Peer 1: 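One structure coming up, written as structure tokens, with questions to follow.
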2 protein chains.
Amino acid sequence: MAATIRDVAQASGVHVSTVSRTFSAPHLVSPATRNRVLAAAESLGYRPNRAARALTTGRTHNIGLIVADISNPFFPPLIKAAQAHARLRDYHVFVADTDEDPLVEEELIQTLAKQVDGVLLCSPRLNNRTIERLAADVPFVVVNRRVRGMSSVLMDVGHGARLAIAHLAALGHRKIALVAGPKASWTGGEMRKAATATAAETGVELVTIGPNAPTEQGGLAAVRDVLAAGVTGVLAYNDLVAIGLIEGLEEHGVAVPGQVSVIGVDDVVPGRFNRPRLTTVAMPTSAAGRAAVDLLLSSVSADEPATPALMTLETSLVIRDSTAPPP
Amino acid sequence: MAATIRDVAQASGVHVSTVSRTFSAPHLVSPATRNRVLAAAESLGYRPNRAARALTTGRTHNIGLIVADISNPFFPPLIKAAQAHARLRDYHVFVADTDEDPLVEEELIQTLAKQVDGVLLCSPRLNNRTIERLAADVPFVVVNRRVRGMSSVLMDVGHGARLAIAHLAALGHRKIALVAGPKASWTGGEMRKAATATAAETGVELVTIGPNAPTEQGGLAAVRDVLAAGVTGVLAYNDLVAIGLIEGLEEHGVAVPGQVSVIGVDDVVPGRFNRPRLTTVAMPTSAAGRAAVDLLLSSVSADEPATPALMTLETSLVIRDSTAPPP
DNA sequence: CTGAAAGCGCTAACAA
DNA sequence: TTGTTAGCGCTTTCAG
């Protein structure tokens with residue numbers, strides 16, 4: 001069995017509370033005993049049991065990270081960065097996938113609540129009311145979403161969408177489709193607003209197609225409507241949708257970017273390997289993961305009910321080969 | 001504050017142990033009181049604290065999942081499947097990324113040990129002796145590695161490598177390079193053995209290049225040696241290396257598959273979008289994730305020190321566009 | 001600076 | 001069927 005604090009106490013001839021102190025408040029212990037305790041701990045391979053510690057301190061040193069779909073290439077860089085950043089601060093990370101299902105998301109948050117000091121909600125599918133209710137149980141930081149009274153990390157996809165539409169307009173496109181994603185997506189809403197405004201300013205006609213699943217399948221499924229709409233340019237909900245769209249378009253004998261230009265969002269790895277290489281709005285996912293952890297941990301370690309912070313990260317347009325002037 | 005078992009006991013007029021029973025052994029409680037307790041729990045929003053429960057039962061209902069690099073596209077499907085499978089069994093999953101660093105890996109395992117019932121080690125970089133030592137603290141299941149006395153889930157990459165070499169031989173290639181990955185990789189060793197044997201059988205000459213990083217960079221870095229070796233076919237350590245290789249080859253004006261054929265391993269998403277679309281050895285990563293969770297949980301729930309199980313999953317060769325007859 | 005004692009939320013014998 | 005009691009591993013007053 002693994003060594004407990006009692007074993008160490010016995011081995012070093014002190015009381016358990018002294019052992020406890022040498023780990024959680026070393027300055028309250030004389031150097032001599034401290035070294036004795038440390039030596040005993042070392043030789044027994046003792047490590048404080050974090051869960052037991054959490055029971056008295058109320059700090060688990062764990063955080064939860066909830067994403068819609070781990071295998072959506074948008075998330076892994078965020079997960080990786082968040083996890084690495086958390087580790088530096090001595091935090092472990094529960095990662096959970098909701099399969100894009102709000103019910104699963106809610107259940108997950110509730111069962112996780114007691115085991116974590118806070119949770120990172122990435123692009124949640126839950127409605128605001130539910131999120132606010134759950135916030136009574138555990139602190140949240142939401143990513144790519146705004147919820148009243150809650151800290152959030154936002155990637156300014158609106159800015160990216162403006163750049164995207166302006167890019168298409170500058171190339172000479174006059175009729176553009178916005179191929180939307182899931183209905184409840186904050187990102188989708190921002191894109192819509194920004195695209196609509198920029199379309200109006202640049203005098204291009206904008207049609208919206210969707211909602212669609214945020215996947216290659218979703219893109220494939222939207223092909224018919226895109227064709228029917230008679231547009232020469234498309235801004236897709238994300239890169240996966242864009243890739244599916246391109247695939248479907250080419251199956252219908254429509255060349256990209258020859259006849260239709262396509263822009264994605266996310267700048268996900270597969271988009272870089274796609275042919276044509278995808279023009280896309282790059283999202284700062286790693287930075288967002290780190291920022292979210294920082295926000296969460298600072299709100300957790302604050303004594304007062306920290307004022308919610310808002311952090312907006314910039315996006316940019318990466319022009320590659322999937323956009324060109326209209327035929 | 002969140003409700004505790006005591007609040008529920010008070011609200012329903014029973015002792016805490018009765019509340020405890022209605023959650024962990026409902027059949028020991030009369031339907032009448034059970035309903036009363038459940039109702040009280042419901043209205044208070046009570047959820048048992050899993051960490052506190054773990055303290056007495058010794059079961060945390062958490063598992064650890066340690067991978068070398070979350071953003072390597074090989075891992076997300078495995079993580080997703082493992083996590084989903086664990087959730088069905090009411091388990092939460094800590095995910096940790098070691099950044100391919102054995103020291104980080106070891107430290108992670110030790111700090112995680114007390115908070116989990118077991119850990120899934122995916123393609124660990126640790127040496128066997130260290131793994132065996134750590135196994136005293138916490139049960140392991142290793143993926144794509146064999147360690148004495150430990151359950152493992154293996155993907156039969158040797159079989160895939162044989163198919164790959166045979167495929168190249170059948171196309172007429174007479175001199176082939178194996179572009180290796182990290183030195184300590186079990187997968188790499190299996191590939192090497194199988195490739196060597198099959199090369200001998202089919203009378204092709206095999207040269208080994210590496211070790212290389214298991215990334216696009218690694219592939220790019222190996223280009224010079226591949227060119228110098230004068231081969232017409234390559235089996236790369238994984239798809240990422242293959243993609244880097246192809247990129248580098250084409251920068252040097254060498255056409256793939258026109259002048260050199262390249263085969264990857266993993267069947268990762270970017271390989272499907274690469275041009276030429278990558279011929280590759282497909283790994284059953286999702287199935288492996290599920291199998292690993294099953295193995296871990298069955299060994300955890302067994303009372304005796306379960307006999308280590310070995311589970312081997314099949315791989316297959318997916319022929320796409322990066323292989324062709326030699327010039 | 002160190003020890004004693006209480007208690008975090010829960011479960012598990014043991015009695016009743 | 002239910003209550004009582006002890007205790008999981010640790011921290012945290014409070015004394016000394």
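Throughout, a chain's letter reflects where its sequence line sits, starting with A, and its residues are numbered from 1. Quick caveat, the model's predicted, so the values are computed rather than measured.
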Peer 1: Under 4.0 Å between any heavy atoms, over every strand shown, what does A/Phe23 touch: base, sugar-phosphate, or nothing? Just pick one.
Peer 2: nothing
Peer 1: Find the distance A/Arg50:CZ to D/dG9:C1' and express it as a whole number of Å.
Peer 2: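 So the CZ-C1' distance, A/Arg50 to D/dG9, works out to 15 Å.
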Peer 1: Show the distances under 3.5 angstrom between N or O atoms of the protein and N or O atoms of nucleotides 12-16 of chain C.
Peer 2:
residue, atom, partner, partner atom, Å
C/dA13, N6, B/Arg21, NH2, 3.4

Peer 1: Are the side chain of B/Arg59 and the backbone N or O of B/Val300 linked by a donor-acceptor pair below 3.5 Å?
Peer 2: yes
Peer 1: Kindly point out which of D/dG3, C/dG9, D/dC10 is positioned nearest to the side chain of B/Val14?
Peer 2: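 Selected nucleotide (nearest to the side chain): D/dG3.
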Peer 1: A/Arg6 has an atom CZ; how far is it from atom P of D/dC8, in whole Å?
Peer 2: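 Rounded to whole Å, this separation is 5 Å.
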Peer 1: Only one of B/Val141, B/Val153, B/Leu78 clears side chain to side chain contact (heavy atoms under 4.5 Å, CB included) with B/Leu120; which?
Peer 2: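 With B/Leu120 as partner, B/Val141, B/Val153, B/Leu78 yield a single side chain to side chain contact (heavy atoms under 4.5 Å, CB included), made by B/Val141.
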Peer 1: Between B/Asn128 and B/Arg146, is any side-chain donor less than 3.5 angstrom from a side-chain acceptor?
Peer 2: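 Result is no, nothing qualifies.
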Peer 1: If I compare all heavy atoms of B/Val29 with all of B/Thr18, which pair ends up nearest, and what's the gap?
Peer 2: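 What the structure gives for the nearest pair is CG2-O, 4.0 Å.
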Peer 1: Considering heavy-atom distances to DNA chain D, does B/Gly13 or B/Ala52 have its closest nucleotide positioned more toward the 5' end?
Peer 2: B/Gly13
Peer 1: Quick one: does A/Ser152's side chain have a donor or acceptor within less than 3.5 Å of a partner on A/Leu154's backbone?
Peer 2: no
Peer 1: Mind telling me whether B/His92 and A/Phe94 have parallel, tilted or perpendicular rings, with 30° and 60° as the class edges?
Peer 2: perpendicular
Peer 1: Can you check the A/Ile5 CD1 to D/dG9 C1' distance for me, whole Å?
Peer 2: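 After rounding, the gap between these two atoms is 7 Å.
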Peer 1: Counting any heavy atom closer than 4.0 Å, what does A/Val19 reach on the DNA or RNA strands: base, sugar-phosphate only, or nothing?
Peer 2: nothing
Peer 1: Could you tell me whether B/Glu106 and B/Arg133 have a side-chain N and a carboxylate O separated by less than 4.0 Å?
Peer 2: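 The answer is yes: the pair qualifies as a salt bridge.
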Peer 1: Has B/Thr60 got a side-chain atom pairing as donor or acceptor with B/Gln115's backbone, closer than 3.5 angstrom?
Peer 2: yes
Peer 1: Nearest-Å distance, CG (B/Asn49) to P (C/dT11)?
Peer 2: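 Atom-to-atom, B/Asn49 to C/dT11, this comes out as 9 Å.
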Peer 1: What does the inter-axis angle of the helix from C/dC1-D/dG16 to C/dA16-D/dT1 come out as, five pairs per end, nearest 10 degrees?
Peer 2: 40°
Peer 1: In whole angstrom, what separates A/His61's NE2 from D/dT11's P?
Peer 2: 11 Å
Peer 1: Expressed in angstrom and rounded to an integer, what is the separation of B/Leu55 atom CG from D/dG9 atom P?
Peer 2: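 Taking atom P of D/dG9 as the reference, CG of B/Leu55 is at 7 Å.
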Peer 1: May I ask you to say whether A/Asp90 pairs ionically with A/Arg50, meaning some side-chain N is under 4.0 Å from a carboxylate O?
Peer 2: yes
Peer 1: Between C/dT2 atom P and A/Asn35 atom CG, what is the distance in whole Å?
Peer 2: 11 Å
Peer 1: For A/Arg59 and D/dT12, what is the distance between atoms CZ and C1' respectively, to the nearest whole Å?
Peer 2: 16 Å
